[in-house]
Amino acid sequence: EGGYTVKKNPGLNYYVGWDLGVSNMVLSKIGSLVVASTAFDSGGTIGLNYALFDGVALNTGASVSYVMGFTSLAVTGLAMKFYVGVTF
């Protein structure tokens, strides 16, 4: 009623951030014996969103994390993740 019009042009958006996590890795399985380690990981993530229309977007991104085990087995490593998807 006030004569205002709101238009949005979502287009391409990017993000940069961090991630933290805890995981359980199965290192070896010999018969019924399972050797596993619980690990903590932290790292960075980057990505792009492209809005197709209201409420639907294409996504792509990558993440690199340093993994460090903290149970009886000393496990360290580097986890790399790449993804593509649709958000709605």
query = Can any side-chain N or O of S37 pair as donor or acceptor with the backbone N or O of G69 at less than 3.5 Å?
reply = no
task = Kindly work out whether a path of hydrophobic side-chain contacts (I/L/V/M/F/W/Y, heavy atoms less than 4.5 Å apart) joins W18 to F40.
result = yes
query = Going only through I, L, V, M, F, W and Y residues with side-chain contacts under 4.5 Å, is there a path from L12 to V56?
reply = yes
inquiry  = Please give me the minimum heavy-atom distance between F82 and A62, naming the atom from each residue.
reply    =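 Where F82 meets A62 most closely, the heavy atoms are CD2-CB, 3.7 Å.
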key: Closest contact, heavy atoms only, V86 versus N59   = C-ND2, 4.1 Å
task = Apply the side chain to side chain contact (heavy atoms under 4.5 Å, CB included) test between L58 and each candidate in L52, L48, N49; give the one that qualifies.
result = L52
message = Going by side chain to side chain contact (heavy atoms under 4.5 Å, CB included), D41 matches just one of V22, V67, V64. Which one?
response =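 Going through V22, V67, V64 one by one, the side chain to side chain contact (heavy atoms under 4.5 Å, CB included) with D41 is satisfied by V67 alone.
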task = Tell me yes or no: between the side chains of D19 and T45, is some donor less than 3.5 Å from an acceptor?
result =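 The criterion, which ignores hydrogens and geometry beyond distance, is not satisfied for T45 and D19.
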task = Please assess F70 against T38 for the test side chain to side chain contact (heavy atoms under 4.5 Å, CB included), listing each intermediate value before the final yes or no.
result = CA-CA 6 Å; F70 59 87; T38 302; 3.5 Å; yes
Between CD1 on residue I46 and OH on residue Y14, distance to nearest 0.5 Å =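 So the CD1 of I46 and the OH of Y14 are separated by 11.5 Å.
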task = Would you please test S42 and M68 for side chain to side chain contact (heavy atoms under 4.5 Å, CB included) and show each step?
result = CA-CA 9 Å; S42 66; M68 180 177 57; over 6 Å; no
query = Just wondering, are more than 12 heavy atoms of other shown residues or ligands nearer than 6.0 Å to OH in Y50?
reply =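 No, OH of Y50 has 12 or fewer neighbouring heavy atoms, counting only those of other groups under 6.0 Å.
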